[in-house]
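Notes for the one structure printed next.
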There are 2 protein chains.
Amino acid sequence: MGRTSNARQQVLDTAARIVREHGAAALTFEELAAKSGVTRGGITYHFPTKDELLRALVERDQVRWSETLAQHVAAASADPVGPLVAYVRTASTHDPERRRFVSGMLSAVAHQPELLDGCRALYRAQLPDLERGGAAAFDALIVLLAADGLFWMEQLGFLDLPDSAREELIARLEALARATATPRSPDSTA
Amino acid sequence: MGRTSNARQQVLDTAARIVREHGAAALTFEELAAKSGVTRGGITYHFPTKDELLRALVERDQVRWSETLAQHVAAASADPVGPLVAYVRTASTHDPERRRFVSGMLSAVAHQPELLDGCRALYRAQLPDLERGGAAAFDALIVLLAADGLFWMEQLGFLDLPDSAREELIARLEALARATATPRSPDSTA
DNA sequence: ATTCTTGTACAAAACGTTCTGTATACCTTG
DNA sequence: CAAGGTATACAGAACGTTTTGTACAAGAAT
């Protein structure tokens, strides 16, 4: 309870690594036991069934995302378009664990797509926050989608921008995010 | 008995459906035989190994994407930012087969992530086309990423916009795509 | 000395692959 | 053109391995 079982975390980390490196199909209890240092018995104790393992993996991704988002939201709370800027920052956060992030979602989509329902709900729940009506709402959605695109294209290994270009891109994205809150700019294509 | 093998197409269609509905883990030869009408022997004939089946699935997605893109490029060739607009239209093409599209990629990422290398190369190859240098290049990239985001969020079932909102969003995206080619517009937030 | 955690052994099912069989289209050759 | 052979397209069963889930014993912690 105090510390949520060392072995459990170890298993989850290893599972994420396996999924990331060899795909969700390679995520078997045997491989997990071999690479995590925990034997099958230990694994079975913490995750009696594979379903629960997957559920834990997805929840882990979800929690991490929410925590990162909450951090950025708190840090940019003074900002009028705080949520959107925070979202951009969350999607583009480039820490060493970044690639580990979606392994839960990817294994879920491979084994039981319905496990993503929680993530879907979470994603949709935040959409109304961005819609203020009018053309600005669509610009906000575009910024959001661009952040998502950046996130997934990087996660899937499709995009790998040099750091400088990446930073400039994010800066531009954030600028656009801010611009959605100031519709009195000379731009009005509607 | 098919000209270019009717059964082969049938198998591939069914495989895509299975992946889409139940995840890539459910894509087994047995399920495939049960749901495609082709027996295991027949399947084995066309796809001696699962690797080849996956390869065919990925290639299929790739070919479809390329063909759709080529169509839109041809249709918008007169446009100065033809490629980008065409890309937006490709990513947002909403035909009945849309959801079938990435099943190959999803099963690849589940079974053998390296099968995506071809797609990755294809994706990166088009990036330089959009980069004209300067701030406009980043705006173009943002539009591209937004299109990708729309595509994947819809594919993964995270986003499901009402038709009207969807059309307006795409229109705005296309407008932004065109704007990247005319940087002398009154909008210059850089 | 319970309770919590990990290790070992095993049963049943599922999976990919291989093998053999069959029917039909195509091509050759006399 | 007719006979014979070959390649193609598909069917069905079988094999050996892998994987999941379960049962139970052993060790650590409190």
Side-chain angles (χ1 to χ4, degrees), chain A residues 1-58 103-104 106-115, chain B residues 1-19 21-58 60 103-104 106-115:
Chain A
M1 318 280 254
R3 42 180 181 169
T4 326
S5 176
N6 196 359
R8 194 189 151 93
Q9 275 306 315
Q10 192 61 32
V11 169
L12 249 53
D13 287 343
T14 309
R17 212 188 68 221
I18 291 175
V19 171
R20 172 164 38 95
E21 289 175 358
H22 305 289
L27 181 62
T28 71
F29 284 121
E30 226 167 305
E31 274 293 298
L32 211 41
K35 293 187 178 172
S36 69
V38 184
T39 61
R40 282 211 54 189
I43 296 173
T44 303
Y45 173 75
H46 293 287
F47 309 100
T49 176
K50 197 163 187 185
D51 187 282
E52 298 201 34
L53 172 66
L54 294 172
R55 230 172 268 273
L57 270 178
V58 174
S103 45
L106 288 182
S107 39
V109 82
H111 288 279
Q112 289 168 246
E114 63 270 21
L115 281 183
Chain B
M1 326 338 178
R3 327 275 144 120
T4 31
S5 177
N6 194 0
R8 195 189 149 93
Q9 276 305 314
Q10 192 61 33
V11 169
L12 250 53
D13 286 344
T14 309
R17 212 187 70 221
I18 291 175
V19 171
E21 290 175 358
H22 305 289
L27 181 62
T28 71
F29 284 118
E30 222 165 346
E31 272 293 299
L32 211 42
K35 293 188 176 172
S36 71
V38 184
T39 62
R40 290 200 57 175
I43 296 172
T44 304
Y45 173 76
H46 292 288
F47 310 101
T49 177
K50 196 163 189 183
D51 188 283
E52 298 201 34
L53 172 65
L54 293 172
R55 231 172 266 273
L57 271 176
V58 174
R60 189 185 186 233
S103 45
L106 287 182
S107 39
V109 83
H111 288 280
Q112 288 169 248
E114 63 270 20
L115 281 183

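The chains referred to below are lettered A, B, ... by the order of the sequence lines, with proteins before strands, and numbering in each begins at 1. Note that these values count all heavy atoms, side chains included, but never hydrogens, waters or copies made by symmetry.
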Pair B:Asp51 + B:Arg55, salt bridge at N-O below 4.0 Å: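 Answer for the salt bridge query: yes.
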Check [X] against [Y] and note the closest heavy-atom contact, atom names and distance.
X	Y	result
A:Leu115	A:Ala108	CB-CB, 4.0 Å
A:Val58	A:Gly104	CG2-O, 3.5 Å
B:Ile18	B:Leu32	CD1-CD1, 3.8 Å
B:Phe47	B:Leu12	CZ-CD1, 3.0 Å
A:Ser107	A:Val19	CB-CG2, 4.1 Å

C:dT5 phosphate, OP1 or OP2, under 4.0 Å from A:Tyr45 side-chain N/O: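 Yes, within the criterion.
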Under 4.0 angstrom between A:His46 side-chain N/O and C:dT6 OP1 or OP2: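 Affirmative; the distance criterion is met.
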Rounded to the nearest angstrom, tell me the gap between atom [atom1] in [X] and atom [atom2] in [N].
X	N	atom1	atom2	answer
A:Phe47	D:dT22	CZ	C1'	18 Å
A:Leu32	C:dG7	CG	P	13 Å
A:Ile43	D:dT22	CD1	P	16 Å
A:Asp51	D:dT19	CG	P	19 Å

A:Pro48 or B:Gly42, whichever maps to the more 5' nucleotide of DNA chain D: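 Result: B:Gly42.
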With the criterion being N/O to N/O and under 3.5 Å, what pairs connect the protein with nucleotides 13-16 of chain C, and how long is each?
| residue | atom | partner | partner atom | Å |
| --- | --- | --- | --- | --- |
| C:dG16 | OP1 | B:Lys50 | NZ | 2.2 |
| C:dG16 | OP2 | B:Phe29 | N | 3.3 |
| C:dG16 | N7 | B:Arg40 | NH2 | 3.0 |

